[in-house]
Number of protein chains: 2
Amino acid sequence: MLVSNHARPTLEDVAARAGVSRATASRVLNASPRVSPEALEAVNAAVHALGYQPNRAARALVTRRTGAVAVVFSEPEPKIFDDPHFARLIRAGARALADVDVQMVLMLVHSPDDQARAHRFLAGGHVDGALVFAPHRNDELVSIVKKLPLPVVYAGKPWGSLRGMHLVDNDNEGGAVLATEHLKSLGRKKIVHVSGPLDELSAIDRLNGFKAALSLDDKGAARVTEDGGFTREGGRKAMSALLAKVPSLDAVFVASDLMAAGALETLHEAGRRVPEDVAVVGFDDHVSIAEHTAPKLTSVRQDSDEQVKHMVEHLMKLLRDETVKSKKQMLPTVLVRRESA
Amino acid sequence: MLVSNHARPTLEDVAARAGVSRATASRVLNASPRVSPEALEAVNAAVHALGYQPNRAARALVTRRTGAVAVVFSEPEPKIFDDPHFARLIRAGARALADVDVQMVLMLVHSPDDQARAHRFLAGGHVDGALVFAPHRNDELVSIVKKLPLPVVYAGKPWGSLRGMHLVDNDNEGGAVLATEHLKSLGRKKIVHVSGPLDELSAIDRLNGFKAALSLDDKGAARVTEDGGFTREGGRKAMSALLAKVPSLDAVFVASDLMAAGALETLHEAGRRVPEDVAVVGFDDHVSIAEHTAPKLTSVRQDSDEQVKHMVEHLMKLLRDETVKSKKQMLPTVLVRRESA
DNA sequence: CTCCTCGATGAAAACCTTTGAGTCGCTGGT
DNA sequence: ACCAGCGACTCAAAGGTTTTCATCGAGGAG
């Protein structure tokens with residue numbers, strides 16, 4: 001009976017061993033309610049004994065479902081991937097998708113070439129849906145993806161019209177308000193801001209929160225804000241510029257931890273003590289950064305794991321039920337106090 | 001998710017439009033030599049006109065090939081993923097696999113649970129092969145993967161017997177020799193070493209290179225070496241310990257850039273000037289780190305992009321021809337001089 | 001002119017699963 | 001006794017591609 005034939009067992013084999021038809025075996029595997037307890041048990045036993053694993057291709061062929069989803073990062077500046085934020089998102093995606101037993105197909109798109117490839121791939125029906133990370137202004141990829149008849153969930157707000165889109169965003173503006181209010185509550189009077197690149201909506205939202213908390217108009221904000229480009233080096237430079245523009249500053253809200261790390265270095269070199277002379281609040285709460293700066297960084301936490309988990313959850317809902325309507329989900333942010341403010 | 005408007009064209013449609021049979025159309029797509037020039041052109045035209053894309057599932061069903069390969073990172077300490085090295089490898093993998101038009105299925109395994117899942121997945125025939133990154137000693141995953149009838153290429157030497165394995169390694173030992181010789185050539189007399197965790201062979205190889213260049217035995221090496229765990233924080237601590245153990249040190253070879261960044265901070269705090277008092281050489285040549293330390297870091301370059309590219313190439317060879325024999329490939333390393341040594 | 005060879009092509013089987021339609025044996029109502 | 005209804009199952013038809021084998025026609029050798 002036990003044939004150690006190295007060919008993988010098929011559903012037919014399972015059915016034969018369980019003494020039922022292929023159809024019944026299939027129904028057991030798909031948890032159909034219309035099977036008797038005996039059949040169910042017999043089939044399960046056979047599956048176990050044979051170590052049966054459904055053939056994904058055959059299943060995909062008939063269900064027209066691939067059991068895979070694409071995770072797409074659109075980012076013209078490949079070096080930004082050095083940001084630990086990126087690693088965190090990938091990690092979260094891998095985990096969340098594995099949990100629901102779907103394959104994660106990772107796509108990194110930088111060049112127009114990559115865009116074309118992504119277009120071909122996504123249009124080719126190789127995946128059931130996609131998670132898209134495309135933070136930049138006027139990203140061609142978003143227009144491409146929008147036209148596809150493919151369920152997509154975005155991370156954050158992509159640039160452009162949001163009509164009919166599904167997305168899970170962090171409350172960037174709220175978090176920025178939190179940070180700024182905290183600095184105010186410490187009695188700081190000259191609060192400045194290192195922003196992210198203003199072609200990303202998350203950076204704009206954070207800037208807006210900063211402005212709102214201080215009741216600043218555009219002009220006022222411009223006087224106390226510098227763009228740090230979401231890089232460590234950018235954070236250094238922006239901080240230098242701010243020290244020059246506003247020598248009397250006593251607090252700074254930095255729109256990312258990576259930039260904050262750079263800003264701290266600049267402040268240190270300039271002889272300003274943190275938090276005594278200058279209070280600093282970051283954004284992201286990247287433990288691997290925030291816990292290792294000197295002093296440890298107070299930061300606004302956005303839970304990327306949670307964000308990705310929600311994205312996956314929502315995409316699965318979309319895949320099950322085509323009629324889910326457009327939905328924008330907003331995740332709360334919270335201030336984590338450490339030593340820098 | 002298919003839209004009723006435009007059902008995707010099948011090979012049948014292409015054949016009809018080109019006025020040939022499905023078989024011939026298929027032959028064209030698979031670049032079979034046995035088709036007439038006219039047929040070839042007609043089919044290509046039809047493919048283009050219809051925007052035809054082969055159905056992957058159907059193809060997989062008959063060829064018993066999935067067109068996907070797994071990229072597996074086995075790493076008990078999830079936080080290590082914050083290392084930019086990880087991001088770089090993923091990026092390189094995504095690119096290299098996309099170039100040969102195969103899907104990359106990313107698997108991150110931390111826990112025994114993850115191992116079980118990976119086992120099921122890899123044994124389930126869901127991929128044609130795997131690229132495995134498993135640097136740690138006695139990694140259970142390696143034993144699991146070894147038993148699978150699945151073509152696998154390893155990154156670096158996994159722990160244990162290498163019989164019959166395919167791998168692409170960097171010349172860690174040679175690079176370490178390079179670094180140490182360079183420090184010697186600068187006239188440094190008291191050279192110490194911050195190693196990686198000694199449950200990784202790459203760390204051991206680098207340590208061995210260091211020992212070889214200085215003709216040290218185990219005892220001698222122990223006196224001038226500290227384990228920095230491949231983390232920034234570990235680098236700081238190891239450097240402190242070394243300063244205590246060998247106050248007169250005038251050079252240090254650090255087994256990774258991330259650790260070197262930490263070591264530089266410690267040296268700075270201790271008032272040692274780099275490179276005047278202490279010369280520092282890192283390993284990895286991570287531009288995003290090495291270019292942004294103060295002073296800029298001299299480092300041993302290992303080209304991860306190249307490594308991954310070779311891994312993919314070799315795996316593809318394995319997939320085409322089952323009879324390729326076991327092969328260990330070694331990639332050269334080279335010293336990149338900047339300011340720190 | 002016939003017989004062969006050979007290259008290009010087509011018909012059809014095979015890959016493995018899901019699923020709608022049909023079958024079978026019971027129960028319970030009339 | 002009969003029939004409707006029902007639950008549990010089986011049959012067999014897709015689903016789109018590759019590949020083997022047979023066929024067909026043309027051209028060369030005899």
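Within every chain, numbering begins at 1; the chains are lettered A, B, ... in the order of the sequence lines, protein sequences first and strands thereafter. Since we're looking at a predicted model, the values are computed, not measured.
Salt-bridge annotation for A:Arg91 and A:Asp305: absent, with no side-chain N of the basic residue lying under 4.0 Å from a carboxylate O of the acidic one. Under the 4.0 Å criterion applied to side-chain N and carboxylate O atoms, B:Asp99 and A:Arg117 are assigned as salt-bridge partners.
Between A:Asp13 atom CG and C:dT17 atom P there is a gap of 9 Å when expressed in whole angstrom units. A:Glu41 places its CD atom 17 Å from the C1' atom of D:dA8, with the value rounded to the nearest Å. Computed from coordinates, the A:Leu11 CG to D:dG15 P distance equals 20 Å when rounded to whole Å. Distance CZ (B:Arg22) to P (C:dA14): 14 Å, rounded to an integer number of Å. Taking atom CZ of B:Arg59 as the reference point, atom P of D:dT18 lies 4 Å away to the nearest angstrom. The distance from atom CZ of A:Arg56 to atom P of C:dT18 is 12 Å, rounded to the nearest whole Å. If you take CG of A:Leu61 and P of D:dT18, they are 12 Å apart, rounded to a whole angstrom. For the pair A:Asn55 CG and C:dC16 P, the interatomic distance rounds to 7 Å; values are reported in whole Å.
In this structure, B:Ser36 reaches the sugar-phosphate backbone alone: every heavy-atom distance under 4.0 Å involves primed, P, OP1 or OP2 atoms, never a base. Heavy atoms of B:Thr24 sit under 4.0 angstrom from primed sugar atoms or phosphate atoms, though from no base atom.
For C:dT19, the base has no donor-acceptor partner in the side chain of A:Arg34 [N/O atoms by modelled type, under 3.5 angstrom]. Side-chain atoms of B:Arg27 come within donor-acceptor range of the base of C:dG10, with a qualifying N/O pair under 3.5 Å.
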### Message
Applying side-chain contact (heavy atoms from CB on, under 4.5 Å) to B:Ile144 and B:Leu122, what does each step give before you reach the verdict?
### Response
CA-CA 10 Å; B:Ile144 291 174; B:Leu122 294 174; over 6 Å; no
